[in-house]
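Before any comments, here is the structure.
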Protein chains: 2
Amino acid sequence: MSETKRKTRKKSANRELLEARIIRAAEIVFATKGFSGSTMDRIAETAKISKQNLIYYFPNKDLLYKRVLQEILDIWMEKLSMLESPTQNPEEVIRRYVHEKLRLSREYPNSSKVFAHEVISGAPVLKAHLISQLKPQFERDVAVVNQWVERGLIKPVDPRHLFFTIWAATQTYADFSVQMEILLDKPQLDDDDFDEAEAAITQMVMRAIGAD
Amino acid sequence: MSETKRKTRKKSANRELLEARIIRAAEIVFATKGFSGSTMDRIAETAKISKQNLIYYFPNKDLLYKRVLQEILDIWMEKLSMLESPTQNPEEVIRRYVHEKLRLSREYPNSSKVFAHEVISGAPVLKAHLISQLKPQFERDVAVVNQWVERGLIKPVDPRHLFFTIWAATQTYADFSVQMEILLDKPQLDDDDFDEAEAAITQMVMRAIGAD
DNA sequence: TAAAACTTTTACCATATGGTAAGAAAATAC
DNA sequence: GTATTTTCTTACCATATGGTAAAAGTTTTA
């Protein structure tokens, strides 16, 4: 009985492992080629399985793309709900927020790129999720920052544009890494670059909210 | 004689006009669909000519894409070489820089999106141009800001990351406009939004360089 | 060990799309 | 007014690609 369970678990674990590998592969391809430019063949090759086998796991490209986007959104929504501790010191909260956002760019650059392609293209698939998931959280976070301003904890700022700027400034280190590598004369952005970026962005934001 | 010239001029002017219309159409399609997702048929339709006629003007898709990118780069390089007046007041120069960059996002959102798609995809076509055109200017501009710091005209900042942040913060209003429209509950970003964005970004940057 | 379920491969196809070839039509030159 | 050049259309095609159908192979169940 326990043996049966173990076997069943093991098999489905294998499947999950392969699905995860496929999604990772798909993410890489979608990140560099966009949705239309990505072929099932190329994704399969990247995942080191046959195209037909890929289709066995994900019967069509749209579905695979949606799964990739959903995984991305899940990660981001989870890691970026940190403004929900409004009792904390604003400076610390924002510092951590920038830090976390930048860490996502560093650790999930492909996710960031897929997301960017999607939104730039008009978010045909993600629009609904942005409305139902991102928007409510955005509004809560805006409210939190507004309260900080009202309580005089930080200098007056427009929270909406503050968030837009932080998002843009952090994501750019994933999305536009190629441009930076060229301008900084480096084959790859390394940990030092990200640390410098964090210092620069944090400093800017801190000065903006009057916490320097 | 002058009539001949006029006719000749007029004809070639027509051609240039149509080519410009095609490029504009291509830009729209490339912006929303990326390179691979854009079809010659769709571009032709957008330009209101037949696909075969489009091919008469631009014999292949790669060529058309390169032309679009070149036009974009030309506009940007021209408008963004404003740090070359180092004698001017840093505050004013940077203020104008942010203003101009944001104006480009407002006036050429499609250009910005095509550029973004390209760079996110690894800049397969633009890489050479970035090295030969953007990099030298970037290094000059970095040097200028460094001089300001050395002369004590502004607070110490890392010019490279300052530029990355300004670029990201301004371009995001073109590239991620859909996301913002959702979050701000607006069908379209309008002039007020851009003015607010400019105020917010400028304020942040001004505070960052200690000019507030 | 035989059946059942799951996984992978082989064979194939319909459609979309970038592009060629060549002729018709229109504008321009002489 | 005819020749020539330029522009546009019609007909067509080769290839790439997402996907179907079904058989073969492998693992799990009982």
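Every value quoted in this text rests on a predicted model; they were computed, and no experiment measured them. Here is how names work: the chains are called A, B, and so on, in the same order as the sequence lines, proteins then strands, and each is numbered from 1.
The nearest whole Å value for the distance from the CG atom in A:Asp62 to the C1' atom in D:dG19 is 12 Å. Rounded to a whole Å, the CD1 atom of B:Ile43 is 12 Å from the P atom of C:dT17. Taking atom CZ of residue A:Phe58 and atom C1' of nucleotide D:dG18, one finds them 16 Å apart after rounding to whole Å. Here D:dG18 presents its P atom at 14 Å from CG of A:Leu63, a figure rounded to the nearest Å. When rounded to the nearest whole Å, the span between CG of B:Leu64 and C1' of C:dT17 equals 15 Å. Atom-to-atom, CD of A:Glu45 to C1' of C:dT9 comes out at 17 Å; the value is rounded to the nearest Å. In this structure, B:Leu18 atom CG and D:dT6 atom P are separated by 16 Å, rounded to whole Å. Counting to the nearest Å, the P atom of C:dG18 and the CG atom of B:Asp41 are 8 Å from each other.
For DNA chain D, the neighbouring residues in residues 49-57 of chain A, judged by any heavy atom under 4.0 Å, are A:Lys51, A:Gln52, A:Ile55. Annotation: proximity of residues 19-39 of chain B to DNA chain C (heavy atom, distance under 4.0 Å) is found for B:Ser38, B:Thr39, numbered in ascending order.
Two end axes, each from the C1' atoms of five base pairs, can be drawn for the helix from C:dT1-D:dA30 to C:dC30-D:dG1; they diverge by 10°, to 10 degrees.
For the ring-ring contact (aromatic ring centres under 6.0 Å, His included) test, residues two or more places apart in sequence or in another chain that qualify with A:Phe115 are A:Trp76. Evaluation of the salt bridge (charged side-chain N to carboxylate O under 4.0 Å, His left out) rule for B:Glu139 yields no partner, not counting sequence neighbours. Judged as a salt bridge (charged side-chain N to carboxylate O under 4.0 Å, His left out), and not counting sequence neighbours, A:Asp192 has no contacts. Under the salt bridge (charged side-chain N to carboxylate O under 4.0 Å, His left out) criterion, A:Glu198 pairs with no residue, sequence neighbours left out. With sequence neighbours excluded, no residue satisfies ring-ring contact (aromatic ring centres under 6.0 Å, His included) with A:Tyr108. A:Arg103 pairs by the salt bridge (charged side-chain N to carboxylate O under 4.0 Å, His left out) definition with A:Glu100, A:Glu107, not counting sequence neighbours.
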Let me have the donor-acceptor pairs involving side chains of residues 176-183 of chain A, under 3.5 Å, with sequence neighbours excluded, atom names and distances please.
unit_1	atom_1	unit_2	atom_2	d
A:Ser177	OG	A:Ala174	O	3.2

What pairs of donor and acceptor atoms, side-chain ones from residues 52-66 of chain B against any protein atom, are under 3.5 angstrom apart with sequence neighbours left out?
unit_1	atom_1	unit_2	atom_2	d
B:Asn60	OD1	B:Asp62	N	3.2
B:Asn60	OD1	B:Leu63	N	3.0
B:Lys61	NZ	B:Phe35	O	3.0
B:Lys61	NZ	B:Ser38	O	2.7
B:Tyr65	OH	B:Glu118	OE1	2.6

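Taking the charged nitrogens against the carboxylate oxygens, A:Glu92 and A:Arg96 have no contact shorter than 4.0 Å, which rules out a salt bridge.
Looking at B:Asp190, B:Asp193, B:Asp191 one by one, the single match for salt bridge (Lys or Arg N to Asp or Glu O under 4.0 Å) with B:Arg106 turns out to be B:Asp191.
A close approach under 4.0 Å does not occur between any side-chain nitrogen or oxygen of B:Arg15 and OP1 or OP2 of D:dT6.
Within the structure, no pair that satisfies the salt bridge (charged side-chain N to carboxylate O under 4.0 Å, His left out) test touches residues 32-53 of chain B, not counting sequence neighbours.
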